[in-house]
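What follows is one structure encoded as structure tokens, with my remarks underneath.
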Amino acid sequence: MSIAKIVEQALLDGHLTPAMEAEVGRICDNASELSIEEYMALDRLMGSLLTGEVVAVPRKQFINVMEELVLTDVIAKVAAIEATSESSLDVGDITAYALNRLPPLYATTEEGAKYQREKAKTELDTLISEQVSGAISAYLDRPNFFPERQALNKNTGNEVLVQVSTLLQVYAPNFEQK
């Protein structure tokens, strides 16, 4: 993703996530020279951060151990299905479906995460497996009602125009007289 796209997304959402911040840093570190457009995008981001239009989200200081446990189970089961059939399954859809039917297991320390993993293995292993299997069955049985669905973080294109229009209205309100 480019710096301009990251800035556009941050302006649209009103938040700069740690992942977005890391990607901007990676691009800047790997580029020998930034373009004028990239500098302008970084300037827009800095201005938005200073005015509060965009808020930097702090780095995640907690994890949901259930996410890693479910994802591990989903990947194993999906791989087995895909190896023996022509089906192509969406790991993200299946994981989200199963997670919505399971309790969260949040932790803020490594010790807490270890405790939650052990608790899940002794008390919730069967439930996790059942919910993942159910999620796969639901995924395979679902009708294709909405083929035009868009995955998260996908833009349709109009958002950029709205953002540019808003930006111009804010910074150049009298440029075109009505």
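The residues of the chain are indexed from 1 along the displayed sequence. Everything quoted here is computed from the prediction, not taken from an experiment.
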Going hydrophobic residue to hydrophobic residue with side-chain gaps under 4.5 angstrom, can you get from Leu127 over to Leu69?
yes
What heavy-atom pair brings Ala41 and Ala4 nearest, and what distance separates the two atoms?
CB-CA, 3.9 Å
Heavy-atom closest contact (Ala107 atom, Gly112 atom, distance)
CB-C, 3.5 Å
Member of Leu89, Asp90, Val91 meeting the side chain to side chain contact (heavy atoms under 4.5 Å, CB included) criterion with Asp93
Asp90
Any sub-3.5 Å donor-acceptor pair from Gln131's side-chain atoms to Leu99's backbone N or O?
no
Working for side-chain contact (heavy atoms from CB on, under 4.5 Å), residues Gln9 and Ile6
CA-CA 5 Å; Gln9 189 66 50; Ile6 293 169; 5.8 Å; no
Thr95 and side chain to side chain contact (heavy atoms under 4.5 Å, CB included): which partner among Val74, Thr72, Ile75, Asp73?
Val74
In short, Val54 meets Ala10 closest at the heavy-atom pair CG2-O, 3.6 Å
Closest non-hydrogen atom pair between Met20 and His15, with its separation
SD-O, 3.8 Å
Treating Ile, Leu, Val, Met, Phe, Trp and Tyr as nodes and any side-chain heavy-atom pair under 4.5 angstrom as an edge, say whether Ile27 and Leu45 lie in one connected cluster.
yes
Sub-4.5 Å side-chain heavy-atom contact between Ser87 and Glu82
no
Hey, are Arg44 and Glu8 close enough for a salt bridge, meaning a charged N less than 4.0 Å from a carboxylate O?
no
Quick check on the hydrophobic clustering: are Tyr39 and Ile3 connected, directly or via other members, by side-chain heavy-atom contacts under 4.5 Å?
yes
Would you confirm whether Glu123, through its side chain, and Ala120, through its main-chain N or O, come within 3.5 Å as a donor-acceptor pair?
no
Under 3.5 Å, side chain of Asn30 to main-chain N/O of Arg26, donor-acceptor pair present?
yes
Do Thr122 and Glu118 touch side chain to side chain, with heavy atoms closer than 4.5 Å?
no
Does atom CG of Leu50 have more than 12 heavy-atom neighbours from other groups under 6.0 Å away?
yes
Residues Glu111, Lys114; criterion salt bridge (Lys or Arg N to Asp or Glu O under 4.0 Å); working and verdict:
CA-CA 5 Å; Glu111 295 80 13; Lys114 182 179 177 187; over 6 Å; no
Applying the 4.5 Å side-chain criterion to the ILVMFWY set and letting contacts propagate, would Leu49 and Leu34 be lumped into a single cluster?
yes
Heavy-atom closest pair (Ser85 atom, Ile81 atom, distance to 0.1 Å) is OG-O, 2.9 Å
Taking atom types as modelled and ignoring hydrogens, do the side chains of Lys77 and Ser129 form a donor-acceptor contact shorter than 3.5 angstrom?
yes
May I ask you to decide if Glu130's main-chain N or O and Ser133's side chain share a donor-acceptor pair within less than 3.5 Å?
no
Under 3.5 Å, side chain of Arg142 to main-chain N/O of Tyr139, donor-acceptor pair present?
yes
Please examine the side chains of Ile128 and Val70, heavy atoms only from C-beta on, and report whether any two atoms are closer than 4.5 Å.
yes
Consider only side-chain heavy atoms of I, L, V, M, F, W and Y, link residues closer than 4.5 Å, and tell whether Leu102 and Leu105 are in one cluster.
yes
State, with a plain yes or no, whether a side-chain heavy atom of Cys28 is found less than 4.5 Å away from one of Leu42.
yes
